[in-house]
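Counting from 1, the numbers follow the sequence of the chain as shown.
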Amino acid sequence: MADIILSKSNWWKTACINAALRGINFASPQTLYIALYTSSPTDADTGQEVSGGGYTRRAVTFSEPVIADRWAVVASISDVVFPIASAKWGLITHVGIRDAATGGNLIYYGAITTPRTAETNDTLRFLAGQLKVNEG
């Protein structure tokens, strides 16, 4: 799968503004998870996440930020490999970064450059560096 540039969710925008400008602290997530979607999660977290067929969110770790021009960029530092699909997951069009293995809050999301249908016995993966977050 190709590079994915991610957008911020409403939850994350609110948490950041509250922390930076209003002194309202929030607990940073200790582990982040990649979720797969068959429709856009949107800023409001309304997309359709894959379910069933052996699907589970996968943990992801990001690099330290690199500052270039007006942007701070982080990228996934290792491959993110999903379990083998035991049933068809559908056309995977988007990913989300969430703060929990189930439920939780959507932090970032983005469209997959080349959507892919996950069939039974497929394994989906993102190579190290393919998931990127740009802040500017």
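- Using a 4.5 Å heavy-atom cutoff, the side chains of Phe82 and Val50 are not in contact.
- Not a single salt bridge (charged side-chain N to carboxylate O under 4.0 Å, His left out) links Asp79 to another residue, sequence neighbours left out.
- For Arg57, the salt bridge (charged side-chain N to carboxylate O under 4.0 Å, His left out) criterion is met by Glu49, not counting sequence neighbours.
- No side-chain heavy atom of Asn10 sits under 4.5 Å from any side-chain heavy atom of Asp45.
- Residues satisfying the side chain to side chain donor-acceptor pair (under 3.5 Å) criterion with Lys13, sequence neighbours excluded, are Asp43.
- For Asn18, the side chain to side chain donor-acceptor pair (under 3.5 Å) criterion is met by Arg22, not counting sequence neighbours.
- Taking each heavy atom of Pro29 and Ile107 in turn, the nearest pair found is CG-CD1, 3.9 Å.
- Taking the ring-ring contact (aromatic ring centres under 6.0 Å, His included) definition, one finds that Phe62 meets it with nothing, sequence neighbours left out.
- Scored by the ring-ring contact (aromatic ring centres under 6.0 Å, His included) test, Tyr55 finds Trp89 as partners (sequence neighbours excluded).
- Across every non-hydrogen atom of Thr120 and Lys88, the tightest pair is OG1-N, 3.4 Å.
- Applying the side chain to side chain donor-acceptor pair (under 3.5 Å) criterion to Thr117, with sequence neighbours excluded, gives no partner residue.
- Screening residues 30-42 for salt bridge (charged side-chain N to carboxylate O under 4.0 Å, His left out), with sequence neighbours left out, gives no hits.
- Cluster partners of Ile17, using a side-chain heavy-atom cutoff of under 4.5 Å among ILVMFWY residues and allowing indirect links, are Leu21.
- A search for side chain to side chain contact (heavy atoms under 4.5 Å, CB included) contacts involving Asn105 returns Trp11, Asp99, not counting sequence neighbours.
- Other residues sharing the hydrophobic cluster of Ile67, ordered by chain and number and joined by side-chain separations under 4.5 Å: none, the residue standing alone.
- Screening residues 28-37 for side chain to side chain donor-acceptor pair (under 3.5 Å) gives Tyr37-Arg98 as the qualifying pairs, with residues at least two apart or on separate chains.
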